[in-house]
Amino acid sequence: MRLKVLLPYQVFAEKSDVLRIVVETHAGSHGLLPQRFDCVAALPAGILMYETELDGEVFLAVDEGVLVKAGPEVLVSVRRAIGGSDLERLHELVLKDFLEVDEREREARSTMARLESGFLQRFADIRHG
């Protein structure tokens, strides 16, 4: 298989001759082998593992995104990715950095929604007043 991990502004990793891929999805952990049917999966923040004969098992911490397998091509598009060999450290990064940022983003969106709602209410009051 050929694996390409895409970030918003760059290609993070591109590997050929990938023997297998294991990825976490919202439905659980899934393995991809070369003959597996084509598929699409939404990815939460988690760990992606791929294996090549040359590199062995390689682990990536990935933020939420999407995986598409079409024939031998596997495209993974995520907001952020970090590579490393220490699986425990990568798992900590997912929990600490990726999920913490997601919580801050939710709070910011909630604050913006309250501000917009207040602005629209005041605008409606001015228009009808």
Side-chain angles (χ1 to χ4, degrees):
M1 293 182 290
R2 287 184 297 278
L3 172 66
K4 188 181 283 190
V5 179
L6 306 171
L7 300 179
Y9 301 105
Q10 71 184 50
V11 175
F12 180 78
E14 194 167 0
K15 293 291 180 176
S16 57
D17 300 323
V18 175
L19 302 172
R20 68 185 176 113
I21 300 169
V22 178
V23 64
E24 295 176 29
T25 70
H26 292 287
S29 183
H30 290 283
L32 300 174
L33 296 171
Q35 276 65 40
R36 182 183 168 123
F37 290 119
D38 295 349
C39 63
V40 175
L43 305 177
I47 302 294
L48 178 145
M49 185 282 297
Y50 68 88
E51 181 179 0
T52 66
E53 210 169 292
L54 183 63
D55 300 325
E57 290 184 345
V58 177
F59 298 95
L60 304 175
V62 295
D63 203 347
E64 58 189 19
V66 66
L67 174 142
V68 177
K69 181 183 184 303
E73 303 289 330
V74 179
L75 297 175
V76 176
S77 180
V78 292
R79 294 190 308 175
R80 291 172 290 178
I82 301 170
S85 57
D86 184 357
L87 187 56
E88 186 175 324
R89 175 73 179 128
L90 287 175
H91 186 68
E92 288 174 11
L93 283 171
V94 168
L95 293 176
K96 182 176 177 272
D97 293 345
F98 293 173
L99 297 179
E100 184 178 295
V101 168
D102 288 344
E103 181 61 31
R104 286 196 310 256
E105 287 175 357
R106 270 192 291 279
E107 290 172 7
R109 281 193 293 271
S110 176
T111 299
M112 287 301 295
R114 284 194 305 274
L115 289 170
E116 289 171 1
S117 176
F119 172 78
L120 291 174
Q121 182 62 44
R122 285 190 298 278
F123 185 71
D125 291 345
I126 291 170
R127 249 184 111 181
H128 297 304

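Just so you know, residue 1 is the first one in the sequence shown, and it goes up from there.
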Are the side chains of [X] and [Y] in touch, meaning some heavy atoms are under 4.5 Å apart?
X	Y	answer
Leu19	Thr52	no
Val62	Phe12	no
Val11	Lys4	yes
Met1	Leu3	no

For Lys69, the salt bridge (Lys or Arg N to Asp or Glu O under 4.0 Å) test, sequence neighbours excluded, returns none
Could you go through residues 37-50 and list every donor-acceptor pair under 3.5 Å that involves a side-chain atom there, pairing it with any protein atom two or more places apart or in another chain?
residue: Asp38; atom: OD1; partner: Gly71; partner atom: N; Å: 2.7

Report the residue from Leu32, Thr25, Leu75, Val5 that forms a side chain to side chain contact (heavy atoms under 4.5 Å, CB included) with Leu67. Leu32
Verdict with supporting geometry, Val74 and Val68, side chain to side chain contact (heavy atoms under 4.5 Å, CB included): CA-CA 6 Å; Val74 179; Val68 177; over 6 Å; no
Can you tell me how far NE2 of His30 sits from CD of Glu24, rounded to the nearest 0.5 angstrom? 10.5 Å
Verify same cluster id: Leu6, Phe59 (apolar side-chain graph, 4.5 Å): no
Mind checking whether Val22 and Ile82 sit in one hydrophobic cluster, side chains of I, L, V, M, F, W, Y counted as touching below 4.5 Å?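 Both belong to a single hydrophobic cluster.
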Evaluate Arg20 against Glu57 for salt bridge (Lys or Arg N to Asp or Glu O under 4.0 Å), listing each step before the verdict. CA-CA 9 Å; Arg20 68 185 176 113; Glu57 290 184 345; 2.6 Å; yes
Give a yes or no on this: more than 12 heavy atoms of other residues, nucleotides or ligands lie within 6.0 Å of atom CG of Asp55. yes
